[in-house]
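So the structure is just underneath, and the comments pick up after that.
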There are 2 protein chains.
Amino acid sequence: MPNARNTEAVRKPASAARPLDGFDRKILGALAADADLSYAELGQRVCLSAPAVHDRVKKLRASGCLRRTAAILDGPALGKPLLAFVHVDSAGWGKTQELMAMAELPEVEEIHCVTGDTCMLLKVRCASSRALEALLARIYATPGVKGTRSYVVLSTYLERTPQAEITESLEAD
Amino acid sequence: MPNARNTEAVRKPASAARPLDGFDRKILGALAADADLSYAELGQRVCLSAPAVHDRVKKLRASGCLRRTAAILDGPALGKPLLAFVHVDSAGWGKTQELMAMAELPEVEEIHCVTGDTCMLLKVRCASSRALEALLARIYATPGVKGTRSYVVLSTYLERTPQAEITESLEAD
DNA sequence: TTAAACATCCGAATGACATTCCGAGGAATC
DNA sequence: GATTCCTCGGAATGTCATTCGGATGTTTAA
């Protein structure tokens, strides 16, 4: 198992830029699923030695592919079982000040500016429907907000950490 | 600094259930921002010893508040700069088989069943607008899908890891 | 074709850190 | 007021991250 050099593992990209090869993709996929993996265990899964994967992870961090590691917390266990997406109709564009005001709300997890009839899309997590009502009132009270449209999540069927699955589809392009 | 017992840190919840105190919240917040923190450094930030925070983290894992740790990857750096939310109008409810079919697509990050006029809400990440077009075609081809409505993300202003901010608002309820 | 420069790998060694093991000190219960 | 329980801190141990040197394959240049 430790002699990966004589197997099919020898082929390297051999190109100038920074194209991720199969090793990098497997490493990123494994770390996206569990960032607590030891380098030794990680090396066993990809058929590389611990120093080799350590070196690759360091380069992946430096290149920006691996941004950081984070603890994934559980909303319901923390007292916030209600997840919802809120479309916010805004009066105009470029009102970053109001955006930042909403970013201060602890219930707001994500703020995106999107195309379409709404200007912003929020992902929020609340303790109860009453808390969601209060949050919507605060969002509506933000200057420049014309209206909101909420979609309460009934159940979540898939929740991958961003880009957990780095499959062949990426290099097929 | 290491003698936290004689400071204000002494007060404990002393209740039977499992209510997170200020230490737990600070620990979770710090780990949500950076899961690579050592217990020693984590202890310095919360004014606790390394074994104490280790013990708390273990309990937080056991109680389910801390689900896991994950590497946060960068979409653009990985060749998927296009983020979009897709509302999927479904013919009926309870079609979990079609849901699972969409979960197989590597571009799909999240699948939620939501209230409102659409039955499902997807978060997807693609390499290009052409890739998004192809993905929408595949989604539309899924049996039971009546139509889709897409919101392409122009820019993201806030992207917290779930429940990164465990502030006072949680226990204010 | 040959030689040099470079990148990546592995095995071993070192240092740092996670983890465990007591002993001590408050808080709640009786 | 005494006991029990829980949590903390300091020290010790084992594991793991990290580094170093040498070797191999690959690319570039002569």
Side-chain angles (χ1 to χ4, degrees), chain A residues 1-28 30-71, chain B residues 1-28 30-63 65-71 171:
Chain A
M1 196 171 312
N3 54 349
R5 186 178 303 161
N6 297 332
T7 71
E8 60 84 32
V10 189
R11 56 179 168 76
K12 296 234 199 55
S15 41
R18 206 142 302 279
L20 310 175
D21 61 357
F23 288 126
D24 292 323
R25 290 165 199 276
K26 285 181 185 172
I27 290 172
L28 288 178
L31 287 181
D34 184 5
D36 286 328
L37 283 173
S38 72
Y39 286 112
E41 197 168 332
L42 204 50
Q44 281 198 352
R45 297 195 186 182
V46 262
C47 288
L48 248 67
S49 71
V53 293
H54 180 265
D55 201 46
R56 280 174 178 266
V57 168
K58 192 156 61 176
K59 288 175 184 171
L60 287 170
R61 279 185 188 272
S63 71
C65 292
L66 206 169
R67 270 203 278 168
R68 63 190 182 89
T69 63
Chain B
M1 195 171 310
N3 53 349
R5 184 176 303 162
N6 297 332
T7 71
E8 61 84 31
V10 190
R11 56 180 168 77
K12 294 223 206 60
S15 41
R18 205 141 307 277
L20 311 176
D21 60 358
F23 288 125
D24 292 323
R25 289 167 199 276
K26 286 180 184 174
I27 290 171
L28 289 178
L31 287 181
D34 183 6
D36 285 329
L37 283 173
S38 72
Y39 287 113
E41 197 169 330
L42 204 52
Q44 281 197 351
R45 297 196 186 181
V46 264
C47 288
L48 248 69
S49 70
V53 293
H54 179 266
D55 202 45
R56 280 173 179 267
V57 167
K58 193 156 62 176
K59 288 176 184 171
L60 287 169
R61 278 185 187 272
S63 71
C65 290
L66 205 167
R67 268 203 280 168
R68 63 191 182 90
T69 63
E171 53 193 347

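Just so it is clear: chains get the letters A, B, ... in the order the sequence lines come, proteins before strands, and each one is counted from 1.
- Residues B:Ala35 and A:Ala71 approach most closely at CB-N, 3.9 Å, considering heavy atoms.
- The CZ atom of A:Arg61 sits 12 Å away from the C1' atom of D:dA17 (whole-angstrom rounding).
- Among the nucleotides D:dT18, D:dG9, D:dT7, the one closest to any side-chain atom of B:Leu48 is D:dG9.
- OP1 or OP2 of D:dT7 lies within a sub-4.0 Å distance of a side-chain N or O belonging to B:Lys59.
- In the set C:dC10, C:dC17, D:dG9, the nucleotide with an atom closest to the side chain of A:Pro51 is C:dC10.
- Side chain of A:Arg56, nearest nucleotide from D:dT19, C:dT8, C:dC10: C:dT8.
- Contact detail for A:Arg68 and A:Ala70: the closest heavy-atom pair is NH1-CB, 3.4 Å.
- The phosphate of D:dA17 has neither OP1 nor OP2 within less than 4.0 Å of any side-chain N or O from A:His54.
- Nearest nucleotide to the B:Ser38 side chain, out of C:dA18, C:dC10, C:dC9: C:dA18.
- Across all non-hydrogen atoms, the minimal contact from A:Asp36 to A:Asp34 is N-OD1, 3.0 Å.
- Taking CZ from B:Arg61 and NZ from B:Lys58, the interatomic distance works out to 11.5 Å, rounded to the nearest 0.5 Å.
- In this structure, A:Gln44 atom CD and C:dC10 atom C1' are separated by 15 Å, rounded to whole Å.
- Taking atom CG on A:Leu37 and atom P on D:dC16, their separation rounds to 12 Å, with Å as the unit.
- When all heavy atoms are compared, the tightest approach of A:Phe23 to A:Val46 is CE2-O, 3.2 Å.
- Minimum interatomic distance between A:Val53 and A:Ala50 (heavy atoms only, all atoms of both residues): CG2-O, 3.0 Å.
- Taking atom CG of residue A:Asp36 and atom C1' of nucleotide C:dC17, one finds them 14 Å apart after rounding to whole Å.
- The side chain of B:Lys58 lies closest to C:dT20, out of C:dT20, D:dA17, C:dA18.
- B:Arg56 has a carboxylate O that lies under 4.0 Å from a charged side-chain N of B:Asp24, or vice versa, which qualifies the two as a salt bridge.
- Which of D:dT18, C:dT19, D:dG9 sits closest to the side chain of B:Tyr39 comes down to C:dT19.
- For the helix from C:dT1-D:dA30 to C:dC30-D:dG1, the angle separating the two terminal helix axes comes to 40°, with each axis derived from five pairs and the value rounded to 10°.
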